[in-house]
Amino acid sequence: MKYRSFALLLFSLCIVGTARGDDSQYKHGPDSKPREGVPQGKVTQHVWDKSKVFEGTKRRYSVYVPAQYDGSQPAALMVFQDGHAYESLKGDFRVPTVFDNLIHNGSMPITIAVMIDPGTKKELPEKRGWKPTPSNRSFEYDTLSADYSRLLLEEILPEVGKQYKITDNPKLRAIGGISSGGICAFTAAWERPDAFGKVLSHVGSFVNIRGGHNCEALIRKTPVKPIRVFLQDGSGDLDNDHGNWPLANQEMAKSLAYKNYDYKFEYGSGGHNGKHGGAILPESLRWLWRDWKQETP
């Protein structure tokens, strides 16, 4: 219990800017800002408190639905962990605005985004955010198991599917996250490549919080899985008792290269935050979705 609390405290301190690194060069481009004439999607807020996978937890999530979605065809899907960080229109990532722009110009398919927060066994705070850190976050995100993918596939996505049509084609289903949410996204796709064919990791915690340092070895020892992976990290990322984040991400990239995965690694000078990842989010998504028209039936 003390170990889990320490890991959670560590992340909550670092994500707000105490990490090393030079992030001054990373600025939002035009695709991260509203554009005149671009239809805006709708974001709705939800609570899930009926989990059987993580019993006793509560969590908030939001669903972005693009203006172009009319229900006539299943939409593509992208799930973001620590969803509050991706949903904010004034934060680092600004997913609704970026999706609006990229869907409008054809860089990605009509895609529904599920932006989900980790669970807590306490009462939910009034506002989504990093504080207080959800009590179940590290257990859900840093553990190398299929449990979190089960939460999504058995509980959250079926609930979303009651209202919206979502494709079953894994090539049109992506998952992403930041820090522990980054390794969580990779693990979900690793465990269930039949459900998630694309991964986006920002400053991923591929270190020994709960065995994540084994990911690079697993990649080398396991037959290639049908997933495409985008990694982002910076030379100023964390270095502590759990491991060295820049080194861990470089080892991940080297392992993916060794096994001839379809991957890309953007390595900058930033710290443990979303500034670099947010600045390049449009380019990252273009790369992930670059052949979506060929992947669409």
Side-chain angles (χ1 to χ4, degrees), residues 15 21-44 62-70 75-116 166-167 171-179 181-182 185 196-204 228-234 262-271 273-296:
I15 197 65
D22 178 13
D23 304 301
S24 60
Q25 63 181 298
Y26 303 121
K27 309 293 183 185
H28 290 110
D31 282 327
S32 297
K33 301 173 184 178
R35 287 182 163 184
E36 186 175 354
V38 173
Q40 294 183 352
K42 182 179 179 181
V43 176
T44 55
S62 51
V63 179
Y64 161 89
V65 180
Q68 295 86 347
Y69 175 82
D70 61 10
L77 170 73
M78 192 157 189
V79 179
F80 292 96
Q81 280 51 246
D82 291 314
H84 62 87
Y86 288 88
E87 175 193 294
S88 172
L89 299 181
K90 296 182 179 180
D92 290 323
F93 297 105
R94 309 179 183 188
V95 161
T97 299
V98 174
F99 272 40
D100 285 345
N101 289 327
L102 296 192
I103 291 171
H104 179 69
N105 66 30
S107 296
M108 60 185 291
I110 295 173
T111 305
I112 288 175
V114 177
M115 297 168 281
I116 182 169
I166 297 174
T167 182
K171 293 183 178 179
L172 296 175
R173 292 166 60 117
I175 186 166
I178 183 171
S179 189
F196 301 105
K198 294 175 169 61
V199 177
L200 176 60
S201 171
H202 296 124
V203 295
R228 176 179 293 170
V229 182
F230 189 105
L231 302 173
Q232 172 271 320
D233 198 31
D262 183 4
Y263 88 100
K264 187 172 183 179
F265 180 38
E266 284 288 338
Y267 187 62
S269 60
N273 55 55
K275 296 185 185 301
H276 182 195
I280 66 170
L281 181 60
E283 290 73 21
S284 308
L285 293 173
R286 284 192 186 92
W287 184 85
L288 274 178
W289 295 102
R290 65 186 184 274
D291 47 7
W292 70 267
K293 293 180 181 178
Q294 289 72 43
E295 295 171 336
T296 303

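Worth saying up front: this structure is predicted, and the values here are computed from it rather than measured.
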field: Under the side chain to side chain donor-acceptor pair (under 3.5 Å) test, residues paired with Glu87 that sit two or more places apart
entry: Gln45, Ser62, Arg128
message: Please check: side-chain N/O of Ser88 versus main-chain N/O of Lys90, any donor-acceptor pairing under 3.5 Å?
response: yes
query: Is there a side chain to side chain contact (heavy atoms under 4.5 Å, CB included) between Asp233 and Phe265 once you walk through the steps?
result: CA-CA 8 Å; Asp233 198 31; Phe265 180 38; 4.1 Å; yes
query: Sequence neighbours excluded, which residues qualify as salt bridge (charged side-chain N to carboxylate O under 4.0 Å, His left out) partners of Asp262?
result: Arg228, Arg290
Side-chain donor/acceptor of Gln81 to backbone N/O of Gly182, under 3.5 Å: no
All N/O donor-acceptor pairs, side-chain side in residues 97-109, below 3.5 Å, sequence neighbours left out:
unit_1: Asp100; atom_1: OD1; unit_2: Gly41; atom_2: N; d: 2.9
unit_1: Asp100; atom_1: OD1; unit_2: Tyr64; atom_2: OH; d: 2.7
unit_1: Asn101; atom_1: ND2; unit_2: Asp31; atom_2: O; d: 2.9
unit_1: Asn101; atom_1: ND2; unit_2: Lys33; atom_2: O; d: 3.0
unit_1: Asn101; atom_1: ND2; unit_2: Thr97; atom_2: O; d: 3.4
unit_1: Asn105; atom_1: OD1; unit_2: Ser107; atom_2: N; d: 3.0
unit_1: Asn105; atom_1: OD1; unit_2: Ser107; atom_2: OG; d: 2.7
unit_1: Asn105; atom_1: ND2; unit_2: Asn101; atom_2: O; d: 3.2

query: Which heavy-atom pair separates Ala185 from Ile175 by the least distance, and what is that distance?
result: O-CG2, 3.5 Å
query: For Thr296, what residues pass the side chain to side chain contact (heavy atoms under 4.5 Å, CB included) criterion, not counting sequence neighbours?
result: Leu172, Trp292
task: Identify the two heavy atoms, one from Gly271 and one from Val203, that lie closest to each other, and give their separation to 0.1 Å.
output: O-CG1, 3.8 Å
Distance in Å, Gln232 CD paired with Lys264 NZ, rounded so as to fall on 0.5 Å steps: 12.5 Å
Partners passing side chain to side chain donor-acceptor pair (under 3.5 Å) against Glu295 (at least two apart in sequence or in another chain): Lys198
statement: Sorted by chain and residue number, the side chain to side chain donor-acceptor pair (under 3.5 Å) partners of Glu283 (sequence neighbours excluded) come out as none
message: If you define the side chain from C-beta out and look only at heavy atoms, does anything of Ser269 sit under 4.5 Å from Gln25?
response: yes
field: Contacts of type side chain to side chain contact (heavy atoms under 4.5 Å, CB included), residue Asp70, not counting sequence neighbours
entry: Ser72
message: Applying side chain to side chain contact (heavy atoms under 4.5 Å, CB included), can you list everything that pairs with Lys275, at least two apart in sequence or on another chain?
response: Asp23, Asp92, Asn273
- request: Would you indicate whether the side-chain heavy atoms of Arg94 and Leu281 approach each other to under 4.5 Å?
  value: no
- prompt: Is Tyr86 reaching over with its side chain to a backbone N or O of Ile178, donor-acceptor style, under 3.5 angstrom?
  reply: yes
statement: Minimal heavy-atom distance between Gln68 and Pro39, with the atoms involved, is NE2-CG, 4.2 Å
statement: In short, Ala174 meets Trp289 closest at the heavy-atom pair CB-CZ2, 3.8 Å
query: Residues two or more places apart in sequence or in another chain: which of them pass side chain to side chain contact (heavy atoms under 4.5 Å, CB included) with Ser284?
result: Leu200, Phe230, Ile280
- line: Sorted by chain and number, sequence neighbours left out, side chain to side chain donor-acceptor pair (under 3.5 Å) with Arg173 holds for none
query: So which heavy atom on Phe80 is nearest to which on Ala113, and how close?
result: CE1-CB, 4.3 Å
message: Run the ring pair (Phe, Tyr, Trp, His ring centres under 6.0 Å) test against Tyr69 and tell me which residues pass, sequence neighbours left out.
response: Tyr164
- request: Check the pair Leu288, Met78 against side chain to side chain contact (heavy atoms under 4.5 Å, CB included), reporting the backbone distance first and the verdict last.
  value: CA-CA 11 Å; Leu288 274 178; Met78 192 157 189; 4.2 Å; yes
query: Going through the checks in order, is the side chain to side chain contact (heavy atoms under 4.5 Å, CB included) test met by Leu231 and Glu266?
result: CA-CA 6 Å; Leu231 302 173; Glu266 284 288 338; over 6 Å; no
